[in-house]
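All remarks here apply to the structure that follows.
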Amino acid sequence: EKGGYEHFMLKEIYEQPKAVADTLTGRLSDDNRAVLPELDWALGMARGIDRIHVVACGTAYHAGMVGRQILERLTRIPVEVEVASEYRYRDPIYTDHTLVLVISQSGETADTLAALQEAKARGARVVAVTNVVGSSVAREADDVIITWAGPEIAVASTKAYTTQLVALYLFACYLAQLRGAADPATIEEVLAGLRDLPDAVSKVLDTAPAMKAFAQQFARKESAFFIGRGLDYVAALEGALKLKEISYIHAEAYAAGELKHGTLALIAEGVPVIALATQDHLYEKTVSNIKEVKARDAHVLALTWTGDEEMASVADEVLYLPRVSPWLAPAVVAVPLQLLAYFAAVERGNDVDKPRNLAKSVTVE
Ligand code: M6R
């Protein structure tokens, strides 16, 4: 049932081009619109939304952080993102037209479900992004966007995450187009990028041998840092979570500009730093941050676009990624970071699909 792969996680990593294509099926029209027939929202309702709360746990929370940036850019609706275990006990403030977006692969996460119930009790409309048709979250939400990733068995979330990103890009474009776009050029860029995304995800799987080679040294380390700005910071958070979860290497993700407010004290000779540099408008800033950690003799692996001519002289090692719109970069960057966590965990002899202390579906508080 692992289809020839050694672990479910590796199989699911390799299923991503298809999973992403399945999430997109029927949802991109020829005239470049995001189509979500399952929503079928009235114009007045869509135009009335004045606040969005995104609530999720773990990897789904990171998808929500990406979702916030694209939703705010395309709709100009203020968006808050919070982990469900905090949100549900915080007495959040709802306007009469607050939309709550919950994200859960399994649709059974106890905290996310409780947050959904709280939001409904307070009169908010709830949209769920989930992978499981008929799950508790899917049954209780007002609207459901299914990700169609197929079953995800490994505890570490891979294809569920990349398909959540796709669902959120589609939802942001759908809502923006319905309301009257604030930024049609970005909508077009995102929709065109989505069409090419299965192909880009397939190409980025070719980084597997390079990530395997890197992981063999890296697996002996006890601590690592992931840095980036903007969407690269979100991608860094997800990369660090994946690494901790299955390799048990301590990892910290940092907004690159925050390093000198404390974390730089931990950077010493040979400390691995994974630096993400896919956000063109922040590129030079990130390069400066890489130079800061290099000056403390960190060992830097940088991830940047194919064609980059500067990075090779700045970082110790560079991994080149097939170029996509920077808005879609988190979906491409996720893949080599999943592979890094996977190969490091294998190298350390860990139970990759069932990491210690963790469950696939967290149905208790
Ligand atoms: O089923 P859910 O999406 O609600 O699960 C949320 C988290 O428990 C989950 O994403 C977790 O963080 C992953 N194991 C991380 O890889």
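Counting starts at 1 for both ligands and their atoms, in listed order.
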Pairs under 3.5 Å, N/O atoms on ligand 1 and on the protein: can you put them in a table with the distances?
from: ligand 1; atom 1: 1 (O); to: S106; atom 2: N; distance (Å): 2.9
from: ligand 1; atom 1: 1 (O); to: S106; atom 2: OG; distance (Å): 2.7
from: ligand 1; atom 1: 1 (O); to: T109; atom 2: OG1; distance (Å): 3.4
from: ligand 1; atom 1: 3 (O); to: Q105; atom 2: N; distance (Å): 2.6
from: ligand 1; atom 1: 4 (O); to: S104; atom 2: OG; distance (Å): 2.6
from: ligand 1; atom 1: 4 (O); to: T109; atom 2: OG1; distance (Å): 2.4
from: ligand 1; atom 1: 10 (O); to: T59; atom 2: N; distance (Å): 3.2
from: ligand 1; atom 1: 12 (O); to: T59; atom 2: N; distance (Å): 3.2
from: ligand 1; atom 1: 14 (N); to: V155; atom 2: O; distance (Å): 2.9
from: ligand 1; atom 1: 14 (N); to: E245; atom 2: OE2; distance (Å): 2.6
from: ligand 1; atom 1: 16 (O); to: T59; atom 2: OG1; distance (Å): 3.4
from: ligand 1; atom 1: 16 (O); to: S157; atom 2: N; distance (Å): 2.9
from: ligand 1; atom 1: 16 (O); to: K242; atom 2: NZ; distance (Å): 2.9
from: ligand 1; atom 1: 16 (O); to: E245; atom 2: OE1; distance (Å): 2.6
from: ligand 1; atom 1: 16 (O); to: E245; atom 2: OE2; distance (Å): 3.3

Going by distance alone, is a donor N or O of one side chain under 3.5 Å from an acceptor N or O of the other, for Q16 and Q338? yes

Using salt bridge (Lys or Arg N to Asp or Glu O under 4.0 Å), reason through R323 and D280 one step at a time and then give a plain yes or no. CA-CA 11 Å; R323 193 177 251 289; D280 296 329; 3.2 Å; yes

Is E118 paired with R88 through a side-chain N to carboxylate O contact shorter than 4.0 Å? no

From T23 atom OG1 to I145 atom CD1, the distance as rounded to the nearest 0.5 Å: 11.0 Å

Check side chain to side chain contact (heavy atoms under 4.5 Å, CB included) between A84 and all other residues, then give those that pass, not counting sequence neighbours. V55, C57, D111, T112, A115

Side-chain donor-acceptor pair present, E152, S157, cut-off under 3.5 Å: yes

